[in-house]
Amino acid sequence: MHPALADDLSRLPELLQSARDFAAREVSGLAVRPVAHLGTAPDTEPLPAEGSGAEGALARFAERWAPGFSASAGPRYLGFVTGGATPAALTGDWLTSAYDQNAAGSGDSSATALERETLGWLRELFGLSEAHSGAFVTGATVSNTVGLALAREWLGERQGVSVSEAGVAALGPVEVLSGSPHSSIPKALSVLGIGRDRLRTVPVLPGGREAVDVRRLAEALEGLDGRPAVVVANAGTVNTVDFDDLRAIAKLKERYDFWLHVDAAFGGFAALSPAYAHLTDGLDAADSVCVDLHKWLNVPYDAAVQFTRRRDLQVRVFHNASPYLGLPTGDPDFVHLTPENSRRLRALPAWFSLAAYGRAGHREIVERNVALARRLGDRIADAPGLRLAAPVRLNVVCFTLTEDATRERVHALGRAVSESGEAFLTPTFYEGTHALRAAFSNWRTSEADTDRVFDAIARAVSSSASPGASARES
């Protein structure tokens with residue numbers, strides 16, 4: 001055994017304690033460290049010939065790399081839709097690595113049974129019936145890809161062919177309809193061989209909405225003359241957290257033949273709150289559902305789930321035919337349900353967080369985040385130089401400058417906020433206007449954090465409007 005490996009093994013408890021102490025300092029400092037680091041990363045160094053052992057590696061990381069990491073797990077990182085990691089989820093994640101279970105099969109461990117229990121809890125959380133089965137995947141992109149892979153196989157079934165055997169060319173042109181699809185949808189269509197160009201965007205409701213106009217969707221389906229299609233509905237759009245009328249879309253299945261996939265990456269968590277659960281009415285009617293857990297469930301990256309009513313199609317697409325694995329049974333191992341063969345036990349952090357805080361704890365996170373988003377939205381609406389680009393419907397605040405909202409000025413505003421170290425926001429483009437998004441999904445975010453975010457935005461706006469600002473920008 002390499003000397004450094006042998007030494008590390010003999011000192012493993014001490015090394016884990018050192019890592020624990022370092023991690024505890026980093027996590028406890030999230031509220032005060034700069035939220036984003038925009039500086040230059042260290043120069044790369046050559047691969048060590050011998051290495052310095054785990055302790056030396058930790059010291060090297062702490063000196064060279066840790067200072068440049070963002071506080072993305074902290075309360076004022078509002079870019080994208082990024083959750084943090086609850087204490088229980090972090091505990092579960094550490095144990096995931098310690099146990100290092102390959103959760104693809106159930107032949108040697110209870111890990112897959114734990115995953116099934118966790119999936120049952122999540123199914124209940126989102127109001128899905130037992131008709132839906134699920135599996136853990138890396139994120140919303142893969143979850144959407146799995147759902148659309150099942151839709152592709154369903155389309156083949158309608159034509160009497162197995163796409164998983166004959167290939168996507170056996171289908172001919174595919175029709176995929178959606179109002180405001182997330183960027184992962186065309187990416188998935190590309191991966192699946194369906195093609196990005198097969199995505200047809202259906203008009204949305206008027207008045208700045210991102211929800212599909214169900215009447216126009218019906219017209220598009222009518223125009224297919226009975227050919228089966230795929231409909232991608234949205235439970236929470238990226239810019240404004242708008243929701244398609246899932247129940248009305250599902251009712252269209254009485255007249256038209258289509259697979260209903262619902263992208264509920266973070267909007268699905270509205271189901272946790274009685275005040276917002278109506279937004280997800282009809283979710284159970286979906287043929288496949290995507291939910292991202294490292295967003296609003298606040299478990300560490302990476303973790304998402306996909307649910308479907310057609311596990312038989314899932315096995316047909318993803319089964320792993322191998323003499324040493326055997327054929328899938330009536331309760332197939334996860335190796336037969338997702339693109340991965342080997343996979344870490346992503347369910348354990350979610351199990352820990354759900355067991356620790358239950359429905360009530362996660363409901364509180366959702367409702368508090370929504371209240372904080374509205375607090376920030378109200379302050380922005382009253383602030384000089386700023387305006388809301390859309391109503392605050394749930395947990396995202398989409399806003400822009402009142403005047404001259406060019407890409408350069410809006411992006412410069414976002415950079416100024418990031419450079420302050422107080423917050424991190426991400427840019428977007430909505431209704432022909434460049435804007436910024438503040439997405440609330442972290443379990444730690446408080447009213448005080450929200451006010452600090454607003455103050456950083458207001459200072460950046462004031463600075464850009466101060467005398468000499470135009471000269472500096474040019």
Side-chain angles (χ1 to χ4, degrees), residues 35 72 74-84 139-140 179-184 204-205 207-211 233-244 262-273 275-280 290-298 365-381 383 386-401 405 410-411 413-414 417-418 423-431 433-447 449-454 456-457:
V35 177
S72 58
R76 297 187 309 282
Y77 190 99
L78 306 182
F80 309 105
V81 184
T82 303
S180 301
H182 184 262
S183 60
S184 62
V204 296
L205 294 172
R209 297 289 303 276
E210 289 186 301
N234 296 291
T237 56
V238 170
N239 282 328
T240 70
V241 202
D242 210 348
F243 285 72
D244 288 343
V262 178
D263 183 352
F266 67 95
F269 287 89
L272 276 64
S273 170
Y276 309 111
H278 65 279
L279 296 170
T280 62
C290 156
V291 185
D292 210 341
L293 303 183
H294 51 232
K295 290 182 167 62
W296 229 345
L297 193 69
N298 279 261
I365 294 171
V366 168
E367 292 181 337
R368 173 160 44 90
N369 283 166
V370 174
L372 294 175
R374 290 180 174 172
R375 180 185 183 91
L376 179 62
D378 289 343
R379 297 201 66 184
I380 285 174
L386 294 171
R387 68 174 179 87
L388 292 177
V392 180
R393 294 192 176 94
L394 203 65
N395 64 319
V396 172
V397 183
C398 186
F399 67 97
T400 189
L401 297 165
V410 172
H411 283 233
L413 175 61
V417 172
S418 298
F424 181 71
L425 314 174
T426 42
T428 190
F429 189 73
Y430 169 69
E431 287 280 285
T433 301
H434 293 279
L436 295 174
R437 294 171 61 257
F440 288 77
S441 52
N442 190 287
W443 67 276
R444 297 171 59 136
T445 309
S446 66
E447 288 189 356
D449 291 312
T450 305
D451 292 342
R452 284 179 65 176
V453 171
F454 172 77
I457 296 169

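All values below were derived from every heavy atom in this structure, side-chain atoms included, with hydrogens, water molecules and symmetry-related copies excluded.
No side-chain N or O of Trp296 forms a donor-acceptor pair with one of Asn395 less than 3.5 Å apart. In this structure, a donor-acceptor pair under 3.5 Å is present between the side chains of Thr237 and Glu210. In summary, the side chains of Thr428 and Asn239 do present a donor paired with an acceptor at a separation below 3.5 Å, with no hydrogens or angles considered.
For Arg368 against Thr445, the heavy-atom pair with the smallest separation is NH1-O, 2.8 Å. Across all their heavy atoms, Lys295 and Phe266 have their closest contact at CD-CB, 3.8 Å. Of all heavy-atom pairs between Asp449 and Pro75, the closest is OD2-CB, 3.2 Å. Closest non-hydrogen pair, Thr82 versus Tyr77, comes out as OG1-CE2, 3.7 Å. The heavy-atom pair separating Leu394 from Val370 by the smallest distance is O-CG1, 3.4 Å. When every heavy atom of Asp244 is checked against every heavy atom of Ala233, the shortest pair comes out as OD2-CA, 3.4 Å.
Using a distance-only test at 3.5 Å, with no hydrogens or angles considered, a donor-acceptor pair links the side chain of Thr400 to the main chain of His434. Not a single donor-acceptor pair under 3.5 Å links the side chain of Arg379 to the backbone N or O of Thr450. In this structure a side-chain-to-backbone donor-acceptor pair under 3.5 Å is missing from Asn234 to Asp263. In this structure, Arg374 contributes its side chain and Asn369 its backbone to no donor-acceptor pair below 3.5 Å. Counting only distance, with no hydrogens or angles, the side chain of Asn298 and the backbone of Gly84 share a donor-acceptor pair below 3.5 Å. Under the 3.5 Å distance criterion, the side-chain polar atoms of Asp242 are matched with a main-chain donor or acceptor of Ala211. Looking only at distances, no side-chain donor or acceptor of Arg393 sits under 3.5 Å from a matching main-chain atom of Gly236. Remark: the backbone N or O of Ala277 is paired with a side-chain donor or acceptor of Thr280 at under 3.5 angstrom.
A tilted orientation is assigned to the rings of Phe424 and Phe80, their planes being inclined by 30° to 60°.
Between Ile457 atom CD1 and Leu376 atom CG the span is 5.0 Å, to the nearest 0.5 Å. Once rounded to the nearest 0.5 Å, the distance linking OG of Ser273 with CD of Glu367 reads 3.5 Å. In this structure, OG on Ser441 lies 11.0 Å from CG on Leu297, to the nearest 0.5 angstrom. Rounding to the nearest 0.5 Å places CG of Leu386 at 6.5 Å from CZ of Phe399.
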Practice problem: Dump the intermediate steps for side-chain contact (heavy atoms from CB on, under 4.5 Å) on Val204 and Ser180, then the final yes or no. | Solution: CA-CA 8 Å; Val204 296; Ser180 301; 3.6 Å; yes
Quiz prompt | Residue pair Arg437, Val238: steps toward the side-chain contact (heavy atoms from CB on, under 4.5 Å) verdict | solution = CA-CA 9 Å; Arg437 294 171 61 257; Val238 170; 3.6 Å; yes
Quiz prompt | Worked check of side-chain contact (heavy atoms from CB on, under 4.5 Å) between Val366 and Trp443 | solution = CA-CA 8 Å; Val366 168; Trp443 67 276; over 6 Å; no
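Counting heavy atoms from C-beta outward, Ile380 and Leu388 have side chains that approach closer than 4.5 Å.
With respect to Asp451 and Arg375, a salt bridge is recorded, a charged nitrogen being found less than 4.0 Å from a carboxylate O.
Tested against Phe440, the residues Val397, Val453, Val396 include a single side chain to side chain contact (heavy atoms under 4.5 Å, CB included) partner, Val397.
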